[in-house]
Every structure is written in structure tokens, then in C-alpha cells.
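Quick one: this structure, given as C-alpha cells, is what I'll be asking you about.
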There are 2 protein chains.
Amino acid sequence: MVSIKDIAKKAGVSISTVSYALNGSPKVTDETGARILAIAKELNYVPNAAARNLKKRETKIIGVFLTDFSGGFYGNLVQGTKEVLNKKGYDLVVCSGRQSHRMLPERMIDGAIVLDWTFDSEKLLQYADRGHKLVVLDRELNHPNINLVQLDNKAGASLAVEYLIEQGHKKIYVVTGPDNSFDSKQRMHAVHQVVERHSEIELIVIPGDFNKSGGEAAAELLIAEYTAPCAVFCLNDEMALGMYTALAKSDYRIGEQISLIGFDNIEMMDYTTPRLATIDYSKKKWGALAAEQLLKLIAGESVENERVYVTLVKGESVWDRNKELS
Amino acid sequence: MVSIKDIAKKAGVSISTVSYALNGSPKVTDETGARILAIAKELNYVPNAAARNLKKRETKIIGVFLTDFSGGFYGNLVQGTKEVLNKKGYDLVVCSGRQSHRMLPERMIDGAIVLDWTFDSEKLLQYADRGHKLVVLDRELNHPNINLVQLDNKAGASLAVEYLIEQGHKKIYVVTGPDNSFDSKQRMHAVHQVVERHSEIELIVIPGDFNKSGGEAAAELLIAEYTAPCAVFCLNDEMALGMYTALAKSDYRIGEQISLIGFDNIEMMDYTTPRLATIDYSKKKWGALAAEQLLKLIAGESVENERVYVTLVKGESVWDRNKELS
DNA sequence: TTGTAAGCGTTATCAG
DNA sequence: CTGATAACGCTTACAA
């Protein structure tokens with residue numbers, strides 16, 4: 001490995017001069033500076049990150065922690081984050097799984113954006129206590145070193161259920177996410193609030209897992225106890241797609257006997273027939289916002305928690321019962 | 001920051017003893033070892049990655065370089081990689097964009113898996129020359145420190161074109177990837193080989209970009225010059241989906257006037273109607289294989305280049321003209 | 001079994 | 001403007 005020491009030797013100067021030259025410090029003559037740069041290039045010098053990180057106590061790298069790499073969900077979000085970070089001289093790495101959680105406390109990254117329910121809140125708070133900067137997208141955590149950029153789950157879930165009700169549905173199933181998912185809890189809460197305002201609605205809750213398999217399982221349950229047309233709100237699109245696939249194999253048609261709406265508007269939704277209704281929001285903006293907040297946090301600026309707004313995407317997957325009744 | 005020095009002070013031992021204890025060396029008494037571990041836990045000690053990396057000259061982290069984070073393409077591939085790496089005590093980070101390329105030469109990672117045509121081959125060779133270990137999935141590079149795990153593009157493209165021909169198609173459009181894409185070149189080469197064996201086939205090449213927009217642009221061209229039923233082979237699914245969307249807005253129907261086949265079998269394909277034909281292969285296995293090869297390379301074992309095999313996925317998007325003719 | 005000390009490649013604080 | 005030199009936190013001979 002060629003180090004600044006080698007350059008110094010070859011240039012006949014000291015290592016500190018080399019360091020200054022390499023970092024574009026005005027403390028070296030243009031002449032020696034240029035000579036050193038030339039020699040560095042000639043020797044194919046590349047700085048050693050570990051040494052620099054050790055000394056400077058920063059890596060200029062931000063980590064994004066995701067539950068998994070799959071699905072059409074994360075692409076745009078991470079892209080939004082990356083664009084903001086790169087513009088500010090930071091690099092981004094995407095990590096997943098418990099093993100990788102160590103990167104934050106071990107200081108391999110200068111901060112983290114968390115959208116990963118397998119990452120313990122307790123751990124996150126502990127890291128924040130030690131001075132690490134965090135932006136969390138999937139829970140509520142109150143700490144000066146943690147900023148929240150949350151989805152407006154309440155609005156989204158309300159929009160979804162109200163849409164079903166408006167279309168004349170009385171019997172509504174809801175397929176939930178995992179118990180420990182904050183998003184799932186918030187959405188469920190909003191669902192209950194809306195339903196309470198409509199006494200005529202029959203609400204049935206089916207526990208899900210935010211995965212395709214959860215939607216498939218729910219579909220089976222639905223089919224088993226089917227008696228009359230009903231509506232289903234899957235608390236995320238992944239499960240809605242699972243249900244879509246499962247129902248395709250059954251005698252029931254989405255948008256006819258069974259109305260369906262999801263949440264997230266992942267890319268796959270564009271290709272379903274009938275078009276599945278869902279709740280949309282800009283994933284890219286979400287990621288970008290998270291990055292901005294994190295950088296402010298790192299810069300020591302004070303930051304308010306932010307919110308990402310949602311809209312309803314209608315689709316033929318929801319049958320308008322009013323037409324039938326009129 | 002609490003360092004081993006702090007632990008040493010509190011335990012009344014030297015830093016080396018602490019280091020040995022922390023690393024489970026048999027050189028320390030069980031008693032002092034336990035005491036040190038206890039103190040470490042009490043102080044919330046976390047090793048500093050930069051210092052360890054600097055000293056050990058390895059990070060136990062592997063980087064996966066992708067062109068972008070989007071689409072249903074990478075999820076399973078990265079998942080396969082991750083599982084293999086984690087099992088062997090390595091962590092994985094996913095990177096994208098020129099900026100992040102520095103991670104390899106700066107030794108922030110112990111090796112890289114490259115599926116990113118924006119990563120210069122010249123640079124890769126240069127890094128390999130400096131001793132960095134690489135597995136490349138999207139090009140052909142001959143170097144002792146580089147291993148190839150390639151898709152069987154030739155078989156895939158041949159399967160696709162032969163399928164179209166078998167179904168009675170005579171006029172075949174091919175939408176290519178970017179000029180510098182190795183996969184695109186290989187697939188095109190195979191296309192030409194097959195077509196040469198069938199003199200009755202009329203082949204029209206449309207330059208594409210492997211993105212949705214490329215497929216959309218190709219669709220417009222197709223519509224503009226449409227005269228009779230024809231078939232299209234998009235060299236990847238992303239473009240096939242672009243064409244699918246564009247044609248949905250036109251008077252032409254996929255599987256009727258226009259037959260369509262893609263390449264990759266990304267998840268979105270499962271939701272198209274009619275089901276788009278494509279070329280399938282196990283992305284997870286591909287990623288896992290790449291990880292295994294890289295670890296062998298790092299361990300200094302000799303490795304042969306590997307190949308990932310492909311299969312044809314038929315779909316209603318390809319019209320059987322033989323029926324019509326018989 | 002434990003301690004001493006050198007060094008990994010940088011940066012940064014002093015003197016010159 | 002340039003050069004010694006002391007860190008940064010850790011690992012690992014080698015000594016004791």
C-alpha cells in the first residue's frame with residue numbers, strides 16, 4: 001500500500017507537507033503542492049479510509065437501515081436520500097439485518113436513517129444517548145439526537161376506510177401488519193376511529209404480517225367465511241398483492257364480490273388488473289426529507305419532526321355499491 | 001467515547017490484557033477475563049471500527065455495487081448475497097453511484113460484487129491490480145483477483161427469439177440496452193446468431209436503455225410504423241413493462257397485434273395481464289453464488305468462473321400465429 | 001498470565 | 001511555508 005509516507009520520501013518533503021498538499025491547504029507553495037499531487041497520482045495513491053476516519057472521527061457516510069431489500073418499496077426512497085446526501089458530500093450505504101446494526105455504534109457511519117422494525121427502539125435510544133444521530137421513519141422516539149419523519153398514517157388509513165364506506169360497503173375486513181409495527185398500529189387506530197363514527201359498519205380484523213404470505217392467508221380466511229360482497233383494507237400493498245394473487249385462483253373477483261384497497265402505492269400496483277386502489281405518497285420525497293433532517297442533526301442545527309402527506313388512489317378494485325343500490 | 005484504555009484503567013490492568021479478553025484470547029485468566037468483560041458491558045464499550053480496520057487491514061464488510069436501487073430486480077439478488085456473507089461473519093452494504101466507488105480503493109470494504117455498468121472496467125482492473133478482490137456480474141474481465149459470475153445471456157436470448165419464431169412470427173423487433181452494456185451486447189449477439197439461421201425472419205433493431213422510458217419510446221416507434229402483427233423482444237423486463245404501459249394506451253393489444261417477450265422475470269411480471277413472457281433465472285442463487293466466489297477469492301482459494309442458467313417463461317403476451325394459419 | 005511498546009495511515013499542533 | 005511529533009483506538013510480538 002502506498003501511503004503519504006511514500007509520497008513524502010519520493011518528493012523529499014515531510015509527511016505533513018504531503019498531507020497539507022493533498023487536502024488543498026493554502027499552507028504549501030503552489031509549486032511543491034503541484035509536485036506532490038503529481039507524485040501522488042504517479043504512485044496511484046489512495047487515502048486510507050480507516051486512518052482518516054480514526055483521526056477525524058467521521059466517515060462522511062450515512063447508513064440506511066431497511067428490514068429487507070425486496071419489493072418495489074425502497075427504491076425511490078433510497079434514491080431520494082442518496083441525491084440529497086451526495087450533494088452534500090456524503091456517501092450512502094444501505095444495510096439490512098441485525099448483524100449490520102453494529103455499524104452505527106462502531107462509528108462506521110456518521111448517522112442513520114431507520115425504516116426497519118427489527119431494529120430495537122431501545123437500542124436506538126441507547127445509541128442516541130451516546131451521541132449518534134438518527135432519523136427514524138417507522139416509530140415515535142423522543143430524543144434530541146433523533147428526528148422523526150413520519151408518514152401520515154392516520155390520514156391514509158382514514159382515507160382508505162372512508163373511501164370504502166362512501167362506496168357503500170358495510171362489511172369491512174382489515175388485514176394488519178405485525179404486532180410490533182408502529183405503522184400498523186397507527187393505521188389500525190385510525191381505522192377504529194373512522195368505524196366508530198359509522199355504527200352501521202361491521203369491522204373484522206385479520207392479523208397479517210406486511211408480507212405477501214399474510215395477504216394470501218387472509219384471502220383464504222375470507223373465502224372460507226364468504227357470504228356476501230365485502231371490502232378489504234390491507235394495511236400495506238404487499239399484502240394486497242398477496243390477496244390479489246390468491247383471489248385470482250378462486251371464484252371470487254376483485255372489484256366484484258370482494259373490494260380491495262392497499263397502502264403504499266408500490267410500483268407493482270400499476271400492473272394489476274383491475275387496478276388496485278391504495279394510498280399514495282412520494283417515497284422519494286420521504287427519503288430526501290429524511291436525509292435533510294439527518295444532515296441538519298449532524299450539523300447541530302435544531303430540527304422539527306416532519307410529516308409526509310398521503311393521497312388516495314382510487315381503483316376498479318373497489319366496487320361502487322351505490323350504483324347497484326340506486 | 002469509551003475505549004479499551006478506560007476499561008484497562010477501571011480494571012487495573014493493561015490495555016493489551018483488555019484487548020485479549022475482549023477478543024476471547026486464551027491468554028487471560030477466566031477470572032480477569034470475566035471481570036474485564038463485565039466492566040466493558042458496564043461502560044457500554046463498543047470497539048471502534050476505524051481503529052480495528054486500520055490495524056487489521058480488513059473490515060469484514062463486502063460491498064455490492066448496483067446501478068440504482070430501483071425496480072424489483074435487485075431485492076432477491078442482494079438477499080442471496082447477504083445470507084451467504086452473514087453466515088461467514090461478513091456484513092454487506094449496498095452502494096450505488098460514482099461517488100461510492102471510492103469505498104473499494106480506500107479499503108472501507110474487503111471486496112466488491114459489481115452489477116453496475118457505470119463502474120468502469122478500467123478502474124476495476126486497476127483496483128484488482130492493487131490487490132482488491134472482485135466478483136463482476138455484468139462484464140467479462142480477465143484478472144486473477146476478479147471472478148465472473150455471468151448470466152447465460154446467449155441461452156436466454158436464443159430461447160426468447162426461438163420461442164417467437166416457433167410461434168410463427170416473422171417480423172421481430174428487438175429493443176436493446178445501452179451501448180456499453182455487456183449484457184445487451186451478448187443478448188444481441190445471440191439474437192443475430194439465431195436470426196441468421198432463419199432466413200425468413202425480418203429483424204429490426206431499436207436502440208433502448210434498459211429503462212421503462214426506453215420501452216415507451218420503442219412502443220411509439222412501433223405504433224408509428226405498424227402494418228401487420230409483429231413480435232418484440234425487449235432485452236430486459238423494465239423496457240417490456242414500459243412498452244406494456246405505452247401500448248395499453250394505444251389501440252394495439254399485446255398478445256394480439258403485438259407479441260412481447262422480456263428478459264429477467266422481475267416480480268412485476270407476475271401482475272401483468274396478459275402475462276408477459278420472459279426469461280427467468282434465480283436472482284437469489286446468482287447473488288449467493290457471487291458471494292461464495294468472492295469469499296473464496298478473499299481466502300486465496302482458486303476459483304473458476306461460474307454461470308447462472310436461464311429458462312423460458314411463456315406467457316399470453318406472445319400470440320401463437322400457427323393456430324391462425326392452420 | 002499479564003504488561004510494554006511498536007505501529008497501522010492520517011491529521012493537526014506546534015516550532016522552526 | 002515546511003518539518004517534527006503527538007495523537008486517534010486497537011492488535012500483537014516480545015518481555016517480564
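Order of the sequence lines sets the chain letters (A, B, ...), proteins ahead of strands, with each chain counted from 1. Since the structure is predicted, the reported quantities are computational estimates derived from the model, not experimental observations.
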**OP:** Please tell me which of the listed nucleotides, D:dT2, D:dT12, D:dC10, lies nearest to the side chain of A:T17?
**Re:**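 The answer is D:dT2, which lies nearest to the side chain.
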Subject >> Nearest-angstrom distance from the residue atom CG of B:L22 to C1' of D:dG9 >> reply: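 In whole Å, D:dG9 C1' and B:L22 CG are 12 Å from each other.
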Subject >> Whole-Å distance separating the CG atom of A:N23 from the C1' atom of C:dT10 >> reply: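 Nearest whole value for this atom pair: 9 Å.
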Subject >> Taking every non-hydrogen atom, the tightest pair across A:M103 and A:C95 >> reply: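 Result for this residue pair: SD-SG, 3.9 Å.
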Original post:
Expressed in angstrom and rounded to an integer, what is the separation of B:I15 atom CD1 from D:dC8 atom P?
Top reply: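 Those two atoms, CD1 and P, are 12 Å apart.
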**OP:** Mind calculating the distance between CD1 (B:I36) and P (C:dT1) to the nearest angstrom?
**Re:**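 Between P of C:dT1 and CD1 of B:I36: 13 Å.
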Original post:
Does A:E292 come within less than 4.0 Å of A:K88, counting only side-chain N to carboxylate O?
Top reply: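 Between A:K88 and A:E292 there is no salt bridge, as every charged N stays at least 4.0 Å from the carboxylate O atoms.
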Subject >> Residue mapping more 5' on DNA chain C - nearest nucleotide basis, A:V2 or A:K27 >> reply: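 Taking each residue's closest nucleotide, the earlier one in sequence belongs to A:V2.
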Original post:
What nucleic acid atoms does A:N53 come within less than 4.0 Å of, heavy atoms only: base, sugar-phosphate, or nothing?
Top reply: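 The answer is nothing, as A:N53 stays clear of every strand by at least 4.0 Å.
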Original post:
Is B:S14 side chain donor-acceptor paired with the C:dT2 base, going by distance under 3.5 Å alone?
Top reply: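 Result: no qualifying N/O pair found.
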Original post:
Using 30° and 60° as the class limits, which term best fits the ring planes of B:F119 and B:H101: parallel, tilted or perpendicular?
Top reply: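 Parallel, since the angle between the ring planes stays under 30°.
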**OP:** Could you state the atom-to-atom distance from CG of B:D30 to P of C:dT1 in whole Å?
**Re:**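 Answer to the nearest Å: 9 Å.
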Original post:
If you look at every strand shown and take non-hydrogen atoms under 4.0 Å, does A:V46 touch a base, only sugar-phosphate, or nothing?
Top reply: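 Sugar-phosphate, backbone atoms only, no base.
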**OP:** Check whether the side chain of A:K55 and the base of C:dA12 form a donor-acceptor pair under 3.5 Å.
**Re:**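 Answer is no: no donor-acceptor pair is held.
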**OP:** With the side chain of B:T29 defined as its heavy atoms from C-beta on, choose the nearest nucleotide among D:dC8, C:dT2, C:dT11.
**Re:**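 So the side chain of B:T29 is nearest to C:dT2.
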**OP:** Side chain of B:R52 only, please: which of D:dT11, C:dT10, D:dT2 is the nearest?
**Re:**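 Output: D:dT11.
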Original post:
Expressed in angstrom and rounded to an integer, what is the separation of A:Y20 atom OH from C:dC14 atom P?
Top reply: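 My rounded result for the distance is 11 Å.
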Original post:
Roughly, in whole Å, what's the span from NZ in A:K5 to P in D:dT5?
Top reply: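 Going from NZ in A:K5 over to P in D:dT5 covers 13 Å.
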Subject >> Nearest listed nucleotide, side chain of B:R57, among C:dG9, D:dC10, C:dT10 >> reply: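 The answer is C:dG9.
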Subject >> Rounded distance in Å - NZ (B:K60) to P (D:dC10) >> reply: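 Computing the B:K60:NZ to D:dC10:P distance gives 19 Å.
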Subject >> Cationic N near anionic O, under 4.0 Å, A:E58 to A:R107 >> reply: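 Judged by the 4.0 Å cut-off on N to carboxylate O distance, A:E58 and A:R107 do not form a salt bridge.
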Subject >> Geometric cation-pi criterion B:K283 and B:Y281, 6.0 Å radius, 45° cone >> reply: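 Geometry flag: set, cation within 6.0 Å and 45°.
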**OP:** Just compare C:dT11, D:dC10, C:dT10 and give me whichever is closest to any side-chain atom of A:K56.
**Re:**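 Between C:dT11, D:dC10, C:dT10, the one nearest the side chain of A:K56 would be C:dT11.
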**OP:** Please confirm whether any donor atom in the side chain of A:S16 sits under 3.5 Å from an acceptor in the base of D:dA4, or the reverse.
**Re:**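 Such a pair is found, so the answer is yes.
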